[in-house]
Amino acid sequence: MPELPEVEVVRRGLHNWLIDRTVADVTVLHPRSVRRHLPGATDFVARLAHTRVVEARRRGKYLWLPLDSGDALMAHLGMSGQLLLRPAHEPGERHLRIRVDFTDGQRQLRFVDQRTFGHLLVDKLVDDDAGVPLPSLITHIARDPLDPAFDDDAFAAALLRRRTGLKRALLDQSLVSGIGNIYADEALWQCRLHWAAPTERLRRPQVDALLSAVRDVMTRALAEGGTSFDSLYVNVNGESGYFSRGLRAYGRADLPCERCATLLRREVFMNRSSFSCPKCQPPPEFARF
DNA sequence: ATAAGGCCCTGCTCGC
DNA sequence: TGCGAGCAGGGCCTTA
């Protein structure tokens with residue numbers, strides 16, 4: 001559920017609150033939430049204690065807090081993860097997995113995650129090809145379309161080299177990051193492309209229209225505080241965003257297209273739903289999945 | 001190297 | 001009322 005706009009909302013909340021605060025103690029309440037921290041939960045805690053948060057950064061759906069130790073506390077929210085800043089005296093949430101206390105004793109950073117697809121880990125920062133520090137475990141994650149250093153030409157070339165379906169390519173975080181099922185459907189609807197369009201047959205104007213659509217829908221969602229269908233996605237204060245009211249394709253099966261009034265359809269592939277307009281987004285002659 | 005399918009998780013909804 | 005099936009699906013892993 002949390003895609004780039006939702007993660008960016010969280011990043012901004014963390015940035016505002018955590019800069020220059022020092023970790024006092026960390027409690028891991030569920031081992032699965034640190035499963036990608038290979039040295040284990042004890043090491044995870046030890047490498048965070050007494051470090052100071054420098055800033056909050058993001059690439060795609062990953063976010064991390066560079067620390068004065070040279071490490072970074074990295075997070076991926078998965079399907080249901082939340083990072084909350086809560087008064088230390090308030091009771092723990094039902095699915096509280098990790099708790100970080102700071103030396104000022106005021107707010108706790110809480111990782112709450114119902115489905116435990118998300119995770120936290122501590123990682124070394126390494127320089128990417130442009131000299132930007134990045135957690136070592138996500139060097140394979142491509143830049144996202146809102147990154148000023150995103151290379152449209154390189155993306156277009158890489159996309160046309162693929163031999164797969166367009167939506168599958170959009171969801172591939174090593175090609176372009178930050179796009180999930182919701183914003184993929186929204187962007188495809190906006191630029192009138194079908195999810196099964198074969199990537200190798202796209203033309204550059206279509207790629208440009210696609211990138212514009214992705215950026216537009218993500219920017220609008222960000223302005224609304226992100227998309228929420230229920231209480232699963234929230235900002236650091238536990239509040240939901242409002243962009244679900246702005247969705248024009250996702251979740252709108254059998255509802256009229258806002259452009260042509262044709263009823264939108266829901267199709268299943270990759271074990272997930274795709275919503276599209278049969279008229280505005282006609283299926284390609286040769287479909288790839 | 002790329003492409004594609006399986007798996008991990010919990011809670012909610014639906015039909016019988 | 002009980003209960004299993006279906007659904008939500010991102011990213012890592014394996015296989016071809």
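Numbers restart at 1 for each chain; the letters A, B, ... are given by sequence-line order, proteins then strands. Values below: every heavy atom of this structure, side chains too, minus hydrogens, waters and symmetry copies.
- The A:T164 side chain lies nearest to B:dA4 when the options are B:dT10, B:dA4, C:dA8.
- One can place CE of A:M79 at 10 Å from P of C:dG11, the figure rounded to the nearest angstrom.
- Other residues, nucleotides and ligands place no more than 12 heavy atoms under 6.0 Å from the CZ atom of A:R57.
- For A:N181, taking side-chain heavy atoms from C-beta onward, the closest of the listed nucleotides C:dG10, B:dA4, B:dC8 is C:dG10.
- Looking only at distances, a side-chain donor or acceptor of A:R107 sits under 3.5 Å from a matching main-chain atom of A:L85.
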* Stepwise side chain to side chain contact (heavy atoms under 4.5 Å, CB included) test for A:R97 and A:V112 -> CA-CA 6 Å; A:R97 308 304 190 190; A:V112 178; over 6 Å; no
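- Within the 4.5 Å cutoff, the side chain of A:V26 has heavy atoms near those of the A:F44 side chain.
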Pairs: protein N or O with nucleotides 12-14 of chain C N or O, under 3.5 Å:
residue, atom, partner, partner atom, Å
C:dC12, OP1, A:R36, NH1, 3.2
C:dC12, OP1, A:Y62, OH, 2.7
C:dC12, OP2, A:H140, NE2, 3.4

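- Following rounding to the nearest Å, A:R168 (CZ) and C:dG10 (P) show an atom-to-atom distance of 13 Å.
- Between A:R163 and B:dA3, a side-chain N or O to OP1/OP2 separation shorter than 4.0 Å is absent.
- In this entry the distance linking CG of A:D172 with P of B:dA1 reads 14 Å, nearest Å.
- For C:dA8, its base sits under 3.5 Å from the side chain of A:R115 at one donor and acceptor pair at least.
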